[in-house]
**Q** 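Before we start, here is the structure in question, set down as structure tokens.
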Amino acid sequence: MAGNQPDVDHAVLQPVDEHPYSVAFRSGDLVAVSGRLGVSEPGVLVSGGFEAECAQAFANLDEALRSAGAVRADVIKVVAYLTDVADRARLNAAYERFFTSPRPARSCVGVAALPYGGCIEIEALARVPVASGAIGVG
């Protein structure tokens with residue numbers, strides 16, 4: 001990067017289960033968070049159906065954001081993957097609880113299946129100014 005800005009292009013959170021991607025990756029002021037499922041530990045979905053999985057997926061998104069020095073208010077775009085698009089109204093309700101206004105842009109995509117038999121996966125893009133000094137170069 002130019003000037004005195006540190007080079008912050010790096011993975012800030014690695015998956016605990018041998019997957020070949022980063023959970024969160026920071027490049028400059030952008031933070032990309034890979035899809036978060038409703039798992040409480042690697043490969044184990046929470047019980048309770050859509051609402052429980054959705055709440056856990058958002059909690060997992062929070063954790064990934066924090067690892068990159070970001071918070072919910074920094075999120076600018078969300079993509080939600082649903083195995084049943086009829087769950088869209090329930091997703092909307094959870095989205096309204098999770099994000100304050102103005103809420104980030106969002107796409108909702110219907111898919112045939114998700115890992116571990118999940119019914120929702122959430123990925124996000126956030127913007128955190130580099131000058132915030134929220135993370136160090138790792």
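Values in this document were obtained by computation on a predicted structure and should not be read as measured data.
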**Q** What distance separates Arg127 CZ from Asp74 CG, expressed to the nearest 0.5 Å?
**A**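 Nearest 0.5 Å value for the CZ-CG distance: 9.0 Å.
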**Q** From Ser67 OG over to Phe25 CZ, what is the distance, rounded to the nearest 0.5 angstrom?
**A**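 One finds 12.5 Å between OG of Ser67 and CZ of Phe25.
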**Q** Run Val44 and Val39 through side-chain contact (heavy atoms from CB on, under 4.5 Å) and show every step you take.
**A** CA-CA 5 Å; Val44 180; Val39 296; 5.6 Å; no
**Q** Could you tell me the separation between the CG atom of Asp84 and the CG atom of Leu91, rounded to the nearest 0.5 Å?
**A** 12.0 Å
**Q** Please report the shortest heavy-atom distance between Phe58 and Ala94, naming the atom on each side.
**A**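 Looking at all heavy atoms of both residues, the closest pair is CE1-CB, 4.0 Å.
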**Q** What is the minimum heavy-atom distance between Val128 and Gly69, and which atoms define it?
**A** CG1-O, 3.7 Å
**Q** To the nearest 0.5 Å, what is the distance between CG (Leu65) and CZ (Arg72)?
**A** 9.0 Å
**Q** Please report the shortest heavy-atom distance between Val31 and Ala68, naming the atom on each side.
**A**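 That closest heavy-atom pairing would be CG1-CB, 3.5 Å.
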**Q** So, for Lys77 and Arg106, which heavy atoms are closest and what is the spacing to 0.1 Å?
**A** NZ-C, 3.8 Å
**Q** Same cluster or not: are Ile122 and Phe99 linked, directly or through other Ile, Leu, Val, Met, Phe, Trp or Tyr residues, by side-chain heavy atoms under 4.5 angstrom apart?
**A** yes
**Q** State, to 0.1 Å, how close Pro104 and Val75 come at their nearest heavy-atom pair, and which atoms those are.
**A**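 In terms of heavy atoms, the two residues are closest at CB-O, 3.4 Å.
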**Q** I need the full list of side chain to side chain donor-acceptor pair (under 3.5 Å) pairs touching residues 32-54, with sequence neighbours left out, sorted by first then second residue.
**A** Glu51-Arg90
**Q** If you compare all heavy atoms of Val23 against all heavy atoms of Ala64, which two are closest, and at what distance to 0.1 Å?
**A** CG1-CB, 3.8 Å
**Q** Can Val79 be reached from Leu114 by stepping across I, L, V, M, F, W or Y side chains whose heavy atoms are under 4.5 Å apart?
**A**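 Yes, one cluster joins them.
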**Q** At what distance, to the nearest 0.5 angstrom, does SG of Cys54 lie from CG of Leu37?
**A** 12.0 Å
**Q** Applying side chain to side chain donor-acceptor pair (under 3.5 Å), which residue pairs with at least one partner in residues 94-105 are found, sequence neighbours left out?
**A**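 For residues 94-105: none.
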**Q** So Glu121 and Val111, side-chain contact (heavy atoms from CB on, under 4.5 Å) or not? Walk me through it.
**A** CA-CA 10 Å; Glu121 182 172 351; Val111 297; over 6 Å; no
**Q** Between CD1 of Ile120 and CD of Gln56, what distance do you get to the nearest 0.5 Å?
**A** 12.0 Å
**Q** Does one hydrophobic cluster hold both Val46 and Leu82, with members joined at side-chain heavy-atom distances below 4.5 Å?
**A** no
